[in-house]
Amino acid sequence: MLELRLVQATLFKNVVEALGDLFSTAHFNSSRTGLELQAKDNSRVTLIMLLLRAEAFDHYLCDRGLSMGLNLAGMAKAFCCTNNDDIITIKAEEDWSDTVTFTFESPEDGDEISYFHFDFMVINGVPLEIPEYPESEYQAIVRMPSAKFMPICNKLSSFGDRDTVVIISVDKESVDFLSRGKTGTLTIFCRETQTVDKPKEPTLIEMKEKVSLMFDLRYMNSSKASTLSDQVTISLSSKLPAVFEYKITEMSCIRYYMLPRNE
Amino acid sequence: GTKQGSIMSFFKKA
């Protein structure tokens, strides 16, 4: 059976809301080591993975791997009226009844308990095996505060429209974000910051070779994910899917894998 | 093995 408990619902709620905006369905895969969520877009450009390690839960029991396809958009809608400080329990029974129960319980005296039962659904093409590529496989890695990356995405998207593309170019000590709109182009230039000046919020660039790649801004502009994490790590390579990683805690992260578009 | 394929096969079919 599967039984997981988080004392504060905030993290799980925020993640479901952040992803429910972009993806209608997701695949939840539980194992002894943790809970993994995968969602993909139908055009095969973006794959999102959330990893919550078993240690991130206050209680984690999973004696057999379980795969659940769920309606993410429906879950996001259902959870919007629950409280952030509720205790959340996720439970699926041994009889494989094809439903999972999410219980939200008020922390004071448990005087109100909501049971959400979600039916499993068939989702083609997920879950996928996602290897951890070593950093050396990427041509460039940029680390910057989410509080800096989020306004950059907002500026780029306000310049264009829903189908705007962004070109990210990394040079030795700088990263450029360029978006093309109907009226022209916008370029945002970010220099590597000295860690001495702003030790808590550096922009760091590790570059093996210059790289310039084009992405759909729609999926890059994951503002709700940015609120879950202080830092975003952008790993770029012309040979691998780019990774936008938001580390939530030491034990959990959201990764956006994005295929660069052809020029 | 509940996994259905690799991330690279997902993107290659794009």
Side-chain angles (χ1 to χ4, degrees), chain A residues 2 23 27-49 51 62 64-69 96 120 122-133 137 213-216 219 235 237-243 245 255-262, chain B:
Chain A
L2 175 72
F23 304 95
H27 202 277
F28 291 68
N29 210 45
S30 63
S31 66
R32 284 175 203 275
T33 53
L35 181 71
E36 188 188 293
L37 181 156
Q38 287 184 17
K40 63 184 176 61
D41 79 307
N42 292 331
S43 53
R44 290 179 172 262
V45 173
T46 309
L47 179 82
I48 291 190
M49 187 187 76
L51 193 60
C62 176
R64 212 169 104 185
L66 178 60
S67 281
M68 306 177 278
W96 313 116
F120 294 169
V122 177
I123 304 174
N124 291 329
V126 283
L128 298 164
E129 195 70 53
I130 304 177
E132 294 261 350
Y133 295 108
E137 296 264 317
L213 300 168
M214 184 157 76
F215 300 98
D216 285 293
Y219 293 108
S235 305
S237 159
S238 50
K239 297 185 185 72
L240 291 173
V243 189
E245 182 183 277
R255 289 190 199 135
Y256 289 61
Y257 292 88
M258 247 176 279
L259 192 69
R261 284 173 60 129
N262 293 321
Chain B
T2 55
K3 305 272 166 132
Q4 294 187 3
S6 76
I7 186 170
M8 288 314 279
S9 66
F10 166 75
F11 285 120
K12 268 178 193 159
K13 283 179 194 163

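Letters go in sequence order (proteins before strands), and every chain restarts at 1. These numbers come from the heavy atoms of this one structure, side chains and all, not from hydrogens, waters or symmetry mates.
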**OP:** Please name the residue in the list A:L47, A:L259, A:I130 that meets the side-chain contact (heavy atoms from CB on, under 4.5 Å) test with B:F10.
**Re:** A:L47

Original post:
Nearest 0.5 Å, what's the OG-CZ distance between B:S9 and A:R44?
Top reply: 7.0 Å

Original post:
Looking only at heavy atoms, what is the nearest atom pair of A:P241 and B:M8, with distance?
Top reply: CD-SD, 3.5 Å

Subject >> Smallest separation among heavy atoms of A:T46 and B:F11, with atom names >> reply: N-CE2, 4.0 Å

Original post:
For the residue pair B:S6 and A:L128, what are the closest heavy atoms and their distance?
Top reply: O-CD2, 3.7 Å

